[in-house]
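All remarks here apply to the structure that follows.
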Amino acid sequence: MKNVKKTRPIALLSVAILIAACASATPPVVEMLDENTGVTVTYSRTPFVFSPNEKADDYSAVEYVQIGMIEVNTMGALRHYLWMGVSEPEFIDAGGSVSERFEFVTFTIDGREFRLGAVGTSHEVIGTSEPVYPGLFKSTEDVYFDIALEQIGMFVGANDISFRNADSTADVYRSWYKAVTPHEDLAEFYREVLQ
């Protein structure tokens, strides 16, 4: 059973500030060389933020899940990953480990479903020396999934994106706020990785 302590409005403000910071003067698609591992990483600047809540003013969120897309180029070999940053603020206990609860996820995008299995919970699994995306909270845990370009394309321009985690009785995670910037950034990312 989930234990939800009374959340603090300050947490909501913190999340809003972090989301706004993601959409700063950084270009919508970032490409960088990881000098420690030699891979080139391309990623969409602004991750989506999901929650079991239906709207941003619902203060009873159990957790926040960021989603971002990453391309890793290892000497010409390209792999694509979906990153999830699962954040449980210190005043919330969602119950169960992140690696167990997000062992796989089932996405529903505009009525079409597909399932992804986790490949790991450390940035090392994708070949980078440090995480690509920052988490919303210090307690954020990363989960990485292999994803095909066609599946990334399903996110581009989608009107309705939701997912469930490995627990079949889990809540449905939906976009937590109006995701214009993440959608625009992802569309640009998709254009670039298709070239």
Side-chain angles (χ1 to χ4, degrees), residues 1-2 4 15 18-19 22 43-71 79-89 92-123 125-126 131-137 139-187 189-190 193:
M1 184 170 192
K2 297 174 182 174
V4 180
V15 171
L18 285 166
I19 291 168
C22 289
Y43 62 97
S44 175
R45 167 187 64 182
T46 312
F48 292 87
V49 179
F50 289 77
S51 172
N53 304 67
E54 292 190 9
K55 55 188 183 237
D57 61 356
D58 183 350
Y59 296 112
S60 62
V62 172
E63 59 197 343
Y64 303 97
V65 178
Q66 296 166 275
I67 291 180
M69 302 297 175
I70 303 169
E71 179 181 80
R79 287 195 65 183
H80 298 94
Y81 298 96
L82 180 145
W83 164 79
M84 279 190 174
V86 182
S87 297
E88 295 174 5
I92 285 176
D93 177 12
S97 74
V98 167
S99 60
E100 290 172 347
R101 288 185 299 113
F102 291 88
E103 179 180 5
F104 62 85
V105 293
T106 302
F107 280 95
T108 304
I109 301 178
D110 290 340
R112 297 170 59 199
E113 283 194 358
F114 66 91
R115 183 174 166 177
L116 299 177
V119 295
T121 56
S122 167
H123 57 272
V125 77
I126 68 168
V132 174
Y133 288 101
L136 289 176
F137 298 96
S139 60
T140 298
E141 295 184 51
D142 296 337
V143 185
Y144 295 91
F145 301 84
D146 275 318
I147 188 167
L149 278 174
E150 302 81 47
Q151 291 167 326
I152 294 173
M154 291 173 67
F155 283 84
V156 176
N159 292 313
D160 184 38
I161 303 171
S162 63
F163 70 90
R164 289 184 179 272
N165 65 18
D167 179 357
S168 61
T169 63
D171 294 326
V172 175
Y173 292 74
R174 297 191 182 282
S175 184
W176 186 73
Y177 67 104
K178 189 173 180 180
V180 173
T181 303
H183 273 290
E184 290 173 350
D185 291 358
L186 182 61
F189 169 85
Y190 190 59
V193 299

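Values below: all heavy atoms of this structure, side chains included; hydrogens, waters and symmetry mates excluded.
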Test side-chain contact (heavy atoms from CB on, under 4.5 Å) applied to Phe102 and Val86, step by step: CA-CA 9 Å; Phe102 291 88; Val86 182; 3.8 Å; yes

Ring centers of Phe50, Tyr64 separated by less than 6.0 Å: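 No, the ring centres sit 6.0 Å or more apart.
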
Calculate, to the nearest 0.5 Å, the distance between atoms [atom1] and [atom2] belonging to [X] and [Y] respectively.
X: Arg112; Y: Gln151; atom1: CZ; atom2: CD; value: 9.5 Å
X: Tyr173; Y: Ser162; atom1: OH; atom2: OG; value: 12.0 Å
X: Glu141; Y: Ser87; atom1: CD; atom2: OG; value: 9.0 Å
X: Arg79; Y: Ile70; atom1: CZ; atom2: CD1; value: 12.0 Å
X: Ser175; Y: Ile67; atom1: OG; atom2: CD1; value: 9.5 Å

Can you give me the closest heavy-atom contact between [X] and [Y], atom names plus distance?
X: Ser99; Y: Thr121; result: CB-CG2, 4.0 Å
X: Gln66; Y: Gly135; result: OE1-CA, 3.4 Å
X: Arg101; Y: Asn165; result: O-CB, 3.0 Å

Do [X] and [Y] have side chains that approach each other closer than 4.5 Å (heavy atoms only, starting at C-beta)?
X: Trp83; Y: Pro47; value: yes
X: Met84; Y: Val105; value: yes
X: Thr46; Y: Glu184; value: no
X: Phe163; Y: Val65; value: yes
X: Phe114; Y: Thr108; value: no
X: Arg45; Y: Phe189; value: no

Test ring-ring contact (aromatic ring centres under 6.0 Å, His included) on Tyr133 and Tyr43 and set out the steps. CA-CA 9 Å; Tyr133 288 101; Tyr43 62 97; 5.2 Å; yes

Under 3.5 Å side-chain donor-acceptor pair for Asp185 and Ser44: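 No pair is found: no donor N or O on one side chain lies under 3.5 Å from an acceptor on the other.
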
Would you find a donor on one side and an acceptor on the other, under 3.5 Å apart, between the side chain of Asp110 and the backbone of Asp160?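 Yes, the answer is positive, given that a donor and an acceptor are paired below the 3.5 Å cut-off.
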
Evaluate Val132 against Ile126 for side-chain contact (heavy atoms from CB on, under 4.5 Å), listing each step before the verdict. CA-CA 10 Å; Val132 174; Ile126 68 168; 4.2 Å; yes

Checking Phe145 now: which residues fulfil ring-ring contact (aromatic ring centres under 6.0 Å, His included) with it, not counting sequence neighbours?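 For Phe145, no residue satisfies ring-ring contact (aromatic ring centres under 6.0 Å, His included) once neighbours in sequence are set aside.
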
Looking at residues at least two apart in the chain, or sitting in another chain, which of them share a side-chain contact (heavy atoms from CB on, under 4.5 Å) with His80?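 Scan of His80 (side-chain contact (heavy atoms from CB on, under 4.5 Å), adjacent residues dropped) gives Glu71, Leu78, Ile147, Leu149, Ile152, Val193.
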
What residues form a side-chain contact (heavy atoms from CB on, under 4.5 Å) with Val119, not counting sequence neighbours?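 Partners of Val119 under the side-chain contact (heavy atoms from CB on, under 4.5 Å) test: Tyr81, Val125, Tyr144, Asp146.
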
Could you walk me through whether Leu82 and Met69 pass the side-chain contact (heavy atoms from CB on, under 4.5 Å) test, one step at a time? CA-CA 5 Å; Leu82 180 145; Met69 302 297 175; 3.6 Å; yes

Using the rule given for side-chain contact (heavy atoms from CB on, under 4.5 Å), can you reason through His183 versus Val156, listing the C-alpha separation, both sets of side-chain angles and the distance that settles it, and then say yes or no? CA-CA 6 Å; His183 273 290; Val156 176; over 6 Å; no

Measure up the Phe48 and Phe155 rings against each other and bin them: parallel (under 30°), tilted (30 to 60°), perpendicular (over 60°).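 Geometry flag for Phe155 against Phe48: tilted rings.
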
